[in-house]
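These notes concern the structure reproduced below.
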Amino acid sequence: MPDINAEIAQIFENMASLLEMKGDSVFKIRAYQRAARTISGLAFSIEEAVRDGMDLREIPGIGKAISDKIHELIQTGRVGAYEELLAEFPDGVLTLMTIPGVGPKTAMRIAQELGVTTIEGLEKAIEEGRLARLPRMGEKVIENIHRHIHSLRTKGQRLPIGPVLSLAETIIAALREKCPHIGELCPGGSLRRWEETIGDIDLMGTSPHPEEVTHCLVSLPMVQEVLGHGPTKASVVVYPGIQVDLRVVDADSFGALIAHFTGSQQHVIQLRDYANSLGLSLNEYGITNLETGAVEKFADEASFYSRLGLQHIPPELRLGTWEIELAREGQLPRLVEEADLRGDLHLHSLWSDGRDSIETMVEAVVARGYEYMALTDHSSGRGIANGLSNERLLEQIRLLRALQSQYPITILCGSEVDIRADGTLDYPDELLAELDVVVASVHSAMGQDSQTMTERIIRAMRHPAVTIIGHPSTRLLGRREPVQFDLEALLEAARETGTAMEINASPERLDLKDVHAYRAREMGVPLAIDSDSHHHNNVAQMRFGVAVARRAWCEAGHILNTRSREQFLAFIRTPKPDRIKVFDAQAEVRASRRARVTPVPGSSA
DNA sequence: GCCGTTTTCGGCCCGACTGTTTTCAGTCG
């Protein structure tokens, strides 16, 4: 989610909380919450959309009043109505609500009746016994609040998807081993939507003996704490402090269950609104006919959506924006899939900082069924990564040309070349001209200001040898912040020079990230999904990169390495300014802005 | 505050769980 969207969403979420404290209309409160959550799910920057002249009322849940407030925020940096509302309450009352289990009502009572508006103050009030004097504040409630204050301090934030997915897969394997009766068992929630960070693991399963499965979960050795344990549902905390929620139903309800627990809250609410308009009511067990009371069950998700007259909506798109509208019209894009990829353009070997020989890496790529690959060891400037000197690069090129005859795949000579601080490249031009594929990446001087960094990367794009900009933001999820740059300027330059932008599939990077890739797609910039493998096992990382592209509403046509070998060779053999024409001509799907501007029926386009 | 293939007024998603209650409010997803 773009930062400005997060800011806007937070303001509306806060307004909803404050209105709830005031006892305002629940429907007004819901409207603000709905707007906040829809904005959180948008893949594009609201600020940019406003600059482009978009009418925000095209966004479901945003009408005149909320649209006006967004314009006010963008123009003045403030929202008057929010500030007036804030002024009616003690400072800091909203911070109490960051404690799980403390909602608007509780926060208000604590602030009003105890004069406490900080978490530290609340902790003190608990220890001094003042909280216990409030009505409906029993021992258990207070104990819960106290525990959650403690866990706020010790528990981590959301974790990057890579390790969480591995953990989920480990848990699934362990459950399957212990419980032979399990039928379906898979992740739901943000994990199934491939969000880049995950708050907790939702698992959905089927079994003729559900209680057996929930029992297996709570008795796994990795479980640190059991939060709840019933016959069809269990919640536990596993190492390293991540919550796992498991729901198990009969096989014939699985479609409704997984549909219910995959979409964002906003998606699910919209789905139910829509179902109501058809005279139907949805829950996690099936679809109820409101007139007759008859319940239909669905063993799989496709038949569930189909019963509602909808295309099957890919999990990555279930964020409550336009996906239901488009599914109704049969207009959902056919998102890129792993099977569409024909090549991997960013791989390392033992020659630089990879862990496997060139042969092992080639074989791993061959096993993926690809038609071409580029070996891209580091350039000389990466001393720490054992970067290749000019001589070693020439030697590697000779070796690769010789190896070619032994493999059924086109092996392209490449390099991941450092973009130096001034935007020049790390090899002389005549050496770069020998290469088929150049991935140019920033690995140093990451603290440059936005203008310097933007000019630096654009200078690299203007080099005739540069094919792809590697991991453009250089971020490491949860460990290193992205560099500063002007995304619009970079994407314009990429389009103008015919340079591809990488979606680096390493789960540590996911770079470009989804919203940046979304904008790149809109602007017609070629995107390359690369594994950036340093080990033969890493070639399987592609699934993370494909997920980023899917979250960016990309179809195969938007992705450079879905091109056939012949098409890709035609692309790289065309001199750069004209490459973009080749890319466009090869695209089965022209870059479109449909995902953003598709109007709801009846409104003007 | 938003919204409309009955509607510009009169509706507005659904269920589980918890703890504190003698019938339900608050919170969560």
Side-chain angles (χ1 to χ4, degrees), chain A residues 12 15-17 19-21 23-38 56-70 81 85 96-110 132 134-145 147-148 188-190 193 199-202 204 227-235 243 245-247 249 253 256-257 259-288 290 295 308-309 318 320 324-325 328-329 600-603:
Chain A
F12 291 143
M15 287 185 76
S17 299
L19 290 169
E20 196 167 353
M21 290 179 196
D24 212 313
S25 150
V26 291
F27 300 109
K28 191 164 157 184
I29 292 162
R30 208 171 286 166
Y32 276 111
Q33 285 173 337
R34 179 184 184 193
R37 287 162 201 172
T38 300
L56 296 177
R57 287 175 298 181
E58 286 172 21
I59 301 169
I62 296 185
K64 182 170 188 314
I66 287 181
S67 170
D68 286 348
K69 289 183 176 70
I70 295 172
L85 206 46
L96 292 177
M97 285 183 54
T98 60
I99 304 166
V102 176
K105 300 279 173 159
T106 312
M108 189 60 184
R109 287 172 58 212
I110 292 170
L134 297 186
R136 289 187 72 91
M137 272 293 168
E139 204 179 313
K140 293 265 195 161
V141 172
I142 291 171
E143 189 193 315
N144 258 335
I145 292 174
R147 191 164 53 87
H148 279 128
S190 52
R193 297 197 303 273
D200 52 30
I201 297 174
D202 294 309
M204 313 289 129
L227 300 172
H229 177 200
T232 64
K233 181 181 169 179
S235 293
Q243 186 170 331
D245 296 322
L246 171 69
R247 285 288 286 257
V249 296
S253 282
L257 178 77
H260 183 80
F261 286 106
T262 296
S264 72
Q265 193 181 19
Q266 214 39 57
H267 173 86
V268 172
I269 289 173
Q270 285 184 26
L271 203 59
R272 287 179 173 166
D273 268 337
Y274 168 63
N276 281 356
S277 75
L278 303 177
L280 303 170
S281 172
L282 308 182
N283 63 24
E284 55 266 56
Y285 304 106
I287 299 179
T288 307
L290 287 170
V295 178
L308 296 172
R318 295 186 205 168
I324 293 172
E325 207 57 57
R328 261 171 84 174
E329 297 163 2
V600 293
S603 69

Where the side chain of [X] is defined as all heavy atoms beyond and including C-beta, which of [options] is the nearest nucleotide?
{"X": "A:N283", "options": "B:dC14, B:dG19, B:dA16", "result": "B:dC14"}
{"X": "A:I66", "options": "B:dG1, B:dG19, B:dA16", "result": "B:dG1"}
{"X": "A:S281", "options": "B:dG1, B:dC14, B:dT5", "result": "B:dC14"}
{"X": "A:N144", "options": "B:dG19, B:dC13, B:dA16", "result": "B:dG19"}
{"X": "A:R34", "options": "B:dG19, B:dC3, B:dC17", "result": "B:dC3"}

Please list, one pair per line, the donor and acceptor atoms closer than 3.5 Å that link side chains of residues 97-110 of chain A to other protein atoms, with sequence neighbours excluded.
unit_1	atom_1	unit_2	atom_2	d
A:T98	OG1	A:T95	O	2.6
A:R109	NH2	A:P135	O	2.2

Could you give the [atom1]-to-[atom2] distance, from [X] to [N], as a whole number of Å?
{"X": "A:Q266", "N": "B:dC14", "atom1": "CD", "atom2": "C1'", "value": "14 Å"}
{"X": "A:H148", "N": "B:dG26", "atom1": "NE2", "atom2": "P", "value": "19 Å"}
{"X": "A:I269", "N": "B:dC2", "atom1": "CD1", "atom2": "C1'", "value": "13 Å"}
{"X": "A:L290", "N": "B:dC13", "atom1": "CG", "atom2": "C1'", "value": "11 Å"}
{"X": "A:L246", "N": "B:dA16", "atom1": "CG", "atom2": "C1'", "value": "15 Å"}
{"X": "A:L308", "N": "B:dC13", "atom1": "CG", "atom2": "C1'", "value": "14 Å"}
{"X": "A:I142", "N": "B:dT18", "atom1": "CD1", "atom2": "P", "value": "19 Å"}
{"X": "A:L56", "N": "B:dG1", "atom1": "CG", "atom2": "P", "value": "16 Å"}

Base partner of B:dT8, which must satisfy Watson-Crick or wobble distances under 3.5 Å: none
Donor-acceptor contact below 3.5 Å, side chain A:Q270 vs main chain A:G320: yes
A:N276 side-chain N/O to A:G279 backbone N/O, donor-acceptor pair under 3.5 Å: no
Partner residues of A:R193 under the side-chain hydrogen bond (donor to acceptor under 3.5 Å, both in side chains) criterion, sequence neighbours left out: A:E195
Expressed in whole Å, how much space separates the [atom1] atoms belonging to [N] and [M]?
{"N": "B:dG15", "M": "B:dT8", "atom1": "P", "answer": "30 Å"}
{"N": "B:dT23", "M": "B:dT18", "atom1": "C1'", "answer": "15 Å"}
{"N": "B:dT5", "M": "B:dG1", "atom1": "P", "answer": "23 Å"}
{"N": "B:dT20", "M": "B:dC14", "atom1": "P", "answer": "30 Å"}
{"N": "B:dG10", "M": "B:dT6", "atom1": "C1'", "answer": "13 Å"}
{"N": "B:dC28", "M": "B:dC13", "atom1": "C1'", "answer": "14 Å"}

Residue among A:D202, A:I201, A:D200 satisfying side chain to side chain contact (heavy atoms under 4.5 Å, CB included) with A:Q243: A:D200
Any A:Y274 side-chain nitrogen or oxygen under 4.0 Å from OP1 or OP2 of B:dC3: no
A:S277 vs B:dG4: side-chain N/O to OP1/OP2 distance below 4.0 Å: no
Contact summary for A:S67 and A:R57, nearest pair of heavy atoms: CB-CG, 4.1 Å
Atom of A:G286, atom of A:A256 and distance for their closest heavy-atom approach: N-CB, 3.5 Å
Pairwise salt bridge (charged side-chain N to carboxylate O under 4.0 Å, His left out) hits with a residue in residues 24-33 of chain A, at least two apart: A:D24-A:K28
Look at all strands and tell whether [X] reaches a base, only sugar-phosphate, or nothing, counting heavy atoms closer than 4.0 Å.
{"X": "A:I29", "value": "nothing"}
{"X": "A:L271", "value": "nothing"}
{"X": "A:Q270", "value": "nothing"}

Student check: side-chain heavy atoms of A:H267 and A:I324 closer than 4.5 Å: yes
pair A:R318-A:T262: side-chain heavy atoms closer than 4.5 Å: yes
Earlier contact from the 5' end, DNA chain B, for A:K28 and A:V141: A:K28
Along DNA chain B (nearest heavy atom to each residue), the more 5'-positioned of A:I59 and A:Y285: A:I59
Distances for protein N or O near nucleotides 9-12 of chain B N or O, under 3.5 Å:
none

Salt bridge (Lys or Arg N to Asp or Glu O under 4.0 Å) partners of A:R272, counting only residues at least two apart: none
Please write out the pairs of protein N or O atoms and N or O atoms of nucleotides 27-29 of chain B separated by less than 3.5 Å, giving the distance to one decimal.
unit_1	atom_1	unit_2	atom_2	d
B:dT27	OP1	A:G103	N	2.6
B:dT27	OP1	A:G103	O	3.2
B:dT27	OP1	A:T106	N	3.1
B:dT27	OP1	A:T106	OG1	2.6
B:dT27	OP2	A:K105	N	3.4
B:dC28	OP1	A:G101	N	2.6
B:dG29	N7	A:Q265	NE2	3.2

